[in-house]
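One structure is given here, and the rest of the page talks about it.
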Amino acid sequence: MGSKHCRLYDENLVHNIMLSTGLSIMEFLKKNRSAGYDEVCEFVEINSNSIIEDTIEQLNSNEEDPEKGLDIEENGDGWPFVDPEEK
């Protein structure tokens with residue numbers, strides 16, 4: 001009989017953070033069509049904390065009200081995170 005693998009993370013949380021990151025990158029690339037690898041990496045690095053915090057906040061609010069969908073909080077101009085070119 002094999003031993004049970006102990007996970008140090010919540011798979012659902014990791015999955016949702018990955019999805020949020022992917023969607024954020026897609027939005028970044030829509031605004032910055034000529035962005036290269038370095039710019040995308042810089043965008044993720046600058047916004048990683050916001051992506052994680054927003055995802056956790058959204059998941060927590062969905063637990064309270066399951067009728068809500070997963071929305072990325074926007075900063076007022078339709079863009080949820082910091083654009084590295086505008087810093």
To the nearest 0.5 Å, tell me how far Phe28 CZ sits from Ile46 CD1. 8.5 Å

Is a side-chain donor or acceptor of Asn32 paired with a backbone partner of Ala35 at a separation under 3.5 angstrom? no

Applying the side chain to side chain contact (heavy atoms under 4.5 Å, CB included) criterion to Ile25, which one of Val44, Asn47, Ile51 satisfies it? Val44

Can Phe43 be reached from Leu29 by stepping across I, L, V, M, F, W or Y side chains whose heavy atoms are under 4.5 Å apart? yes

Please round to the nearest 0.5 Å and tell me the distance separating atom OG1 of Thr55 and atom CG of Leu23. 9.5 Å

What heavy-atom pair brings Gln58 and Ser61 nearest, and what distance separates the two atoms? O-OG, 2.9 Å

Distance, nearest 0.5 Å, that separates NE2 of His15 from CG of Leu19: 4.0 Å

Would you compute the distance between atom CG of Leu59 and atom CG of Asp54 and round it to the nearest 0.5 angstrom? 11.0 Å

Okay, side chain of Glu27, backbone of Ser24: is any donor-acceptor separation there less than 3.5 Å? no

Inter-residue atom distance Glu57.CD - Ser50.OG, 0.5 Å rounding: 10.5 Å

Hydrophobic cluster mates of Tyr37, side-chain heavy atoms under 4.5 angstrom, ILVMFWY only, any path? none

Give, for atom CD of Glu45 and atom CG of Asp38, the distance between the pair rounded to the nearest 0.5 Å. 11.0 Å

I'd like to check the salt bridge (charged side-chain N to carboxylate O under 4.0 Å, His left out) partners of Glu11; sequence neighbours left out, ordered by chain and number. Arg7

For Asn49, enumerate each residue passing the side chain to side chain donor-acceptor pair (under 3.5 Å) test, keeping only those at least two apart in sequence or located in another chain. none

If the condition is side-chain contact (heavy atoms from CB on, under 4.5 Å), which residues does Asn60 pass it with, not counting sequence neighbours? Ile56, Glu63

